[in-house]
Amino acid sequence: MFEIFKFLFEKYPDRIDPNSDDPDIREVAELLKKRSLNPFAQSIHVRMVDAGSPNDVELEEQMMMNPRVDAERFGIHYEASPRHADVIIVTGPVTMNMKLALEKSYDAMADPRVVVAAGDGAVTGFPYQGSYALAGSGKVEDTVPVDVNVPGNPPNPYQLLAGLLKAGMILEEKSKKMRK
């Protein structure tokens with residue numbers, strides 16, 4: 001039995017190692033090294049908005065919160081209301097039906113705020129470009145200003161985690177500018 005656990009934990013480590021074979025894990029390790037020691041900067045509250053996604057990115061977001069990746073250990077918490085969030089992560093191309101909801105969610109957030117576009121649908125509008133159901137090109141940046149793009153179809157949990165850590169760094173810079 002011990003051999004089974006040893007195999008599982010050696011093959012699938014849950015630590016973020018800067019010497020990992022996976023480039024996405026190495027990127028997360030580098031971002032964690034650059035992270036501020038300010039405890040308020042290490043707490044990132046995220047509101048997720050599905051603007052028209054086929055739910056592929058949402059499945060990866062759930063994987064980001066599982067015990068293997070465990071984004072909460074890095075201070076990333078999901079919120080039920082945009083009023084409690086610092087970061088909004090938008091998935092999928094923006095559809096006509098979700099454009100107003102996305103704008104209202106963005107407007108409900110307090111300053112400073114950061115927007116993360118996650119997945120190819122949110123970043124480029126692909127593969128739905130030209131559809132009558134999209135708001136403009138479908139890109140999130142056409143509806144609200146985007147600070148971090150996380151491309152991929154879908155991006156893996158470590159890429160999403162890196163995007164949220166970058167958002168936390170941008171959030172800290174914006175809050176420093178607001179205090180001046």
Side-chain angles (χ1 to χ4, degrees), residues 16 18 22-53 56-66 69-94 98 101-125 138-180:
I16 303 298
D22 189 343
D24 298 324
I25 293 175
R26 287 195 307 266
E27 181 183 13
V28 169
E30 289 301 316
L31 289 169
L32 288 170
K33 281 182 188 177
K34 295 177 187 174
R35 200 167 190 197
S36 170
L37 296 177
N38 180 350
F40 295 109
Q42 291 185 1
S43 179
I44 304 167
H45 294 268
V46 181
R47 171 68 176 149
M48 195 278 296
V49 174
D50 178 348
S53 169
D56 54 352
V57 179
E58 287 78 2
L59 292 172
E60 298 297 323
E61 284 179 343
Q62 290 175 354
M63 294 295 290
M64 184 179 64
M65 301 309 282
N66 76 10
V69 180
D70 192 16
E72 285 213 2
R73 66 182 161 162
F74 305 119
I76 296 171
H77 309 283
Y78 278 82
E79 299 295 337
S81 170
R83 294 176 194 268
H84 302 153
D86 307 312
V87 176
I88 189 168
I89 185 167
V90 184
T91 61
V94 181
M98 287 301 295
L102 176 58
E103 290 169 343
K104 283 186 175 185
S105 294
Y106 178 78
D107 291 339
M109 294 173 66
D111 283 329
R113 56 190 167 202
V114 176
V115 177
V116 176
D120 286 342
V123 174
T124 65
K139 296 179 185 178
V140 174
E141 65 186 16
D142 292 346
T143 305
V144 294
V146 173
D147 299 292
V148 179
N149 286 313
V150 183
N153 195 21
N156 69 45
Y158 291 105
Q159 291 170 330
L160 290 169
L161 179 58
L164 290 175
L165 290 172
K166 288 175 188 174
M169 291 176 179
I170 292 170
L171 187 64
E172 184 178 12
E173 292 300 317
K174 284 184 174 184
S175 65
K176 283 179 185 177
K177 288 180 183 176
M178 284 182 67
R179 282 185 251 141
K180 289 183 181 180

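Count residues from 1 along the sequence.
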J.: Give the intermediate values and the outcome of side chain to side chain contact (heavy atoms under 4.5 Å, CB included) for residues V94 and L102.
T.: CA-CA 8 Å; V94 181; L102 176 58; 3.8 Å; yes
J.: How far does NE2 of H45 sit from CD of E79, to the nearest 0.5 angstrom?
T.: 5.5 Å
J.: Heavy atoms, side chains only, cut-off 4.5 Å: are L160 and I89 in contact?
T.: yes
J.: How far does CG of D86 sit from NZ of K174, to the nearest 0.5 angstrom?
T.: 11.0 Å
J.: Rounded to the nearest 0.5 Å, what separates atom CE in M64 from atom CG in L59?
T.: 12.5 Å
J.: Under the side chain to side chain contact (heavy atoms under 4.5 Å, CB included) test, which residues partner E103, sequence neighbours left out?
T.: K99, L100, T143
J.: So how far is it from N153 CG to D56 CG, rounded to the nearest 0.5 Å?
T.: 5.5 Å
J.: Nearest 0.5 angstrom please: M63 CE to L161 CG, how far?
T.: 13.0 Å
J.: May I ask you to decide if P151's main-chain N or O and N149's side chain share a donor-acceptor pair within less than 3.5 Å?
T.: no
J.: Could you tell me the separation between the CD atom of E61 and the OH atom of Y78, rounded to the nearest 0.5 Å?
T.: 4.0 Å
J.: Can I get a per-line list of side-chain donor-acceptor pairs under 3.5 Å for residues 162-171, giving both atom names and the distance, sequence neighbours left out?
T.:
residue : atom : partner : partner atom : Å
K166    : NZ   : E27     : OE2          : 2.9

J.: What closest approach, in Å, do N156 and Y158 show between heavy atoms, and which atom pair accounts for it?
T.: OD1-N, 2.9 Å
J.: Give a yes or no on whether the backbone of V69 and the side-chain of N66 come within a donor-acceptor separation of less than 3.5 Å.
T.: yes
J.: Might you confirm whether atom CE of M65 has over 12 heavy atoms from other residues, nucleotides or ligands at distances under 6.0 Å?
T.: yes
J.: Given S175, which partner from the list E173, R179, E172 fulfils the side-chain hydrogen bond (donor to acceptor under 3.5 Å, both in side chains) test?
T.: R179
J.: Show me the donor-acceptor pairs within less than 3.5 Å that the side chains of residues 104-111 make with the rest of the protein, sequence neighbours left out.
T.:
residue : atom : partner : partner atom : Å
S105    : OG   : A101    : O            : 3.0
Y106    : OH   : R113    : NE           : 3.4
D111    : OD1  : R113    : NE           : 3.3

